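The structure appears below as structure tokens.
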Amino acid sequence: MIAGSSPDDVELYRQMLRIRRFEEGVLTSFSSGIFYGTTHTYIGQEADAVGVLACRREGDVVVSNHRCHGHFLAYGGSMHALAAELMGRATGVTGGRGGSQHVQWKDFYANGILGGTIPLAVGMALAEKSLNTGKIVFAFMGDGTLGEGVVYESLNMASLWSLPVLFVLENNRYAQTTPVQLHLAGEIADRFESFAIPTAEADTVDVIEILELAQEAVATVRAGEGPQALVLHTYRYGPHSKGDDTRDPEEVLRYRKRDPLPLQAERLDPDLRQRVEVEVETEVAEAFQRAQDDPHADPASLTSPLDIAP
Ligand SMILES: Cc1ncc(C[n+]2csc(CCOP(=O)(O)OP(=O)(O)O)c2C)c(N)n1
Ligand SMILES: [Mg+2]
């Protein structure tokens, strides 16, 4: 789905299903103790990452947050390396040192400091613009991240300096356990527009609709017209992290009925769909198995910044 080739229906389905099955594997295996640290799954939000990142080109930068597995897989990251990272294995994305929230590979950067990623994204967009690379930055954040003041300093600079960045706000309607109506005043889109950042908004799980919105926004950013924002209203089906779900189960059920996967699956030839499903099941099983067989990261191989000669 890179550099000009248009993503087809099957590929969009496959990418969403890879995220779904991987994340289901993470949630069901967590209590067995195979992972280190914590995790935040993306189940239910897959259409956002897949639709938006279908518009990226080689060398574009993607900045993600604590809920990064879906963004990473949609970016083209290795499922095996991600599984290995969660298990603290030497073959993990960062050699087993970063864990679930600190995944960095090529031009993909995830960080668990809520809001701290946004000045980084804007700084990287400034670098791309200054170096005239033509590359753009995709910066994902959640609704709760709008409670971090540094986000607004960053939006101001991005707009003032007309930087090549697309802000993707995923409103899954909760910040940890706090519903959006209890943590956010006013409208989300107004927060971007008050910095003169044009904002498109959709309450949908249709990957095609998201892809089309993203294509339009990305084209404007690539044309050098400054930042854009996408506000995507979505829902996570799983807990915030693991076992910490305080939402009304009926509300969760209601949103589960508008699932991005069956919606996209209906557009496929049934035989093809089944083939993709079998292939993805196999890919996920192999990724977890290989990662479990890999060696643990060796703490002796860690280098302290103090050990590095100036
Ligand atoms: C600076 C900072 N404060 C608090 C936290 C703890 N924390 C992790 S996720 C989260 C809520 C995030 O909500 P949102 O931005 O809506 O993202 P979502 O989890 O819904 O994807 C909080 C408060 C953190 N990681 N960093
Ligand atoms: Mg949220």
Side-chain angles (χ1 to χ4, degrees), residues 16 19-20 22-23 26-27 30 35-53 62-75 86 98-104 108-122 138-155 166-189 191-192 199 201-205 210 229-248 251-252 255-256 260:
M16 291 198 292
I19 298 171
R20 174 71 55 97
F22 178 81
E23 295 284 60
V26 170
L27 270 189
F30 214 95
F35 302 118
Y36 288 96
T38 188
T39 193
H40 306 86
T41 53
Y42 198 64
I43 299 170
Q45 301 184 210
E46 297 91 343
D48 295 348
V50 172
V52 170
L53 292 181
V62 176
V63 177
S64 174
N65 57 8
H66 57 288
R67 203 175 296 287
C68 68
H69 305 165
H71 302 145
F72 177 73
L73 292 174
Y75 175 76
L86 299 181
S100 168
Q101 302 181 87
H102 302 104
V103 173
Q104 193 277 312
F108 183 95
Y109 303 85
N111 192 296
I113 311 287
L114 213 59
T117 50
I118 304 305
L120 296 179
V122 169
F138 295 81
F140 287 89
M141 66 181 122
D143 49 284
T145 310
L146 293 172
E148 297 289 347
V150 73
V151 170
Y152 301 95
E153 297 176 47
S154 309
L155 296 181
L166 174 66
F167 298 104
V168 184
L169 188 299
E170 294 184 81
N171 173 25
N172 61 9
R173 302 164 211 259
Y174 285 86
Q176 218 149 328
T177 52
T178 311
V180 67
Q181 61 273 19
L182 293 187
H183 75 68
L184 192 131
E187 298 299 324
I188 294 177
R191 292 172 179 238
F192 295 97
T199 304
E201 190 165 2
D203 191 346
T204 182
V205 292
I210 293 169
L230 282 183
V231 176
L232 303 174
H233 302 281
T234 180
Y235 200 79
R236 63 171 155 75
Y237 297 163
H240 166 71
S241 179
K242 337 160 278 294
D244 54 352
D245 204 349
T246 55
R247 298 170 303 177
D248 177 358
E251 179 189 286
V252 180
Y255 279 106
R256 268 187 176 274

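The structure displayed is predicted, hence computed values, not measured ones. Just so you know, ligand 1 is whichever comes first in the structure, and atom 1 is the first atom listed for that ligand.
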Among non-hydrogen protein atoms, atom 26 (N) of ligand 1 lies closest to Leu114 N, 3.1 Å
Polar contacts were defined as any N/O atom of the residue lying under 3.5 Å from an N/O atom of the ligand; does this apply to Ala175 and ligand 1?
no
Report yes or no: do Arg247 and His240 form a side-chain donor-acceptor pair below 3.5 Å?
no
Under 4.0 Å to a heavy atom of Thr145 - the qualifying atoms of ligand 1, by number
15 (O)
Single hit among Ile188, Asp203, Val168 for side-chain contact (heavy atoms from CB on, under 4.5 Å) with Val231
Ile188
May I ask you to check whether Asn172 brings an N, O or S atom to under 2.8 Å from the Mg ion (ligand 2)?
yes
Ligand 1 N/O within reach of Asn172 N/O, cut-off under 3.5 Å
yes
Write down the atom of Gly112, the atom of His102, and the distance for their closest heavy-atom approach.
N-NE2, 3.3 Å
Here the atoms of ligand 1 under 4.0 Å from any heavy atom belonging to Gly142 are 14 (P), 15 (O), 16 (O), 17 (O)
Got more than 12 heavy atoms from elsewhere within 6.0 Å of CZ, Phe30?
yes
Step by step, would you call Glu170 with Tyr42 a side-chain hydrogen bond (donor to acceptor under 3.5 Å, both in side chains)?
CA-CA 11 Å; Glu170 294 184 81; Tyr42 198 64; 2.6 Å; yes
Which one holds for Arg236 and ligand 1: side chain close, backbone close, both close, or neither close, with close meaning a heavy atom under 4.0 Å?
neither
In Å, rounded to the nearest 0.5 Å, how long is the span from CD1 of Ile43 to CD1 of Ile19?
10.5 Å
Option among His233, Arg173, His183 that satisfies the side chain to side chain donor-acceptor pair (under 3.5 Å) test with Asp143:
His183
So is Ile113 polar-close to ligand 1, meaning N/O to N/O under 3.5 Å?
no
His66 N/O to ligand 1 N/O under 3.5 Å:
yes
Measure from the Mg ion (ligand 2) to each N, O or S atom of Glu170 and report whether any distance is below 2.8 Å.
no
Shortest protein heavy-atom distance from atom 21 (O) of ligand 1, along with the residue and atom involved:
Arg67 NE, 2.8 Å
So that I know where these two stand, are His71 and Phe108 an aromatic pair - ring centroids less than 6.0 Å apart?
no
Between Tyr235 and Arg256, does the side-chain hydrogen bond (donor to acceptor under 3.5 Å, both in side chains) criterion hold? Intermediate values first, please.
CA-CA 8 Å; Tyr235 200 79; Arg256 268 187 176 274; over 6 Å; no
State, yes or no, whether a side-chain contact exists between Glu46 and Glu23 at a heavy-atom distance under 4.5 Å.
no
Could you identify the single nearest non-hydrogen protein atom to atom 3 (N) of ligand 1 and state the distance to 0.1 Å?
Glu148 OE2, 4.1 Å
Tell me the protein heavy atom at minimum distance from atom 25 (N) of ligand 1, and give that distance in Å.
Gly112 O, 2.8 Å
For atom 6 (C) of ligand 1, the closest protein heavy atom turns out to be Gln176 OE1, 3.9 Å
Nearest to atom 14 (P) of ligand 1, what protein heavy atom do you find, and at what distance?
Gly144 N, 3.4 Å
Which atom, among the N/O/S set of Asp143, is closest to the Mg ion (ligand 2)?
OD1
Mind checking whether the Mg ion (ligand 2) has an N, O or S of Tyr174 under 2.8 Å?
yes
Report the residue from His66, Gln101, Lys242 that forms a side chain to side chain donor-acceptor pair (under 3.5 Å) with Thr38.
Lys242
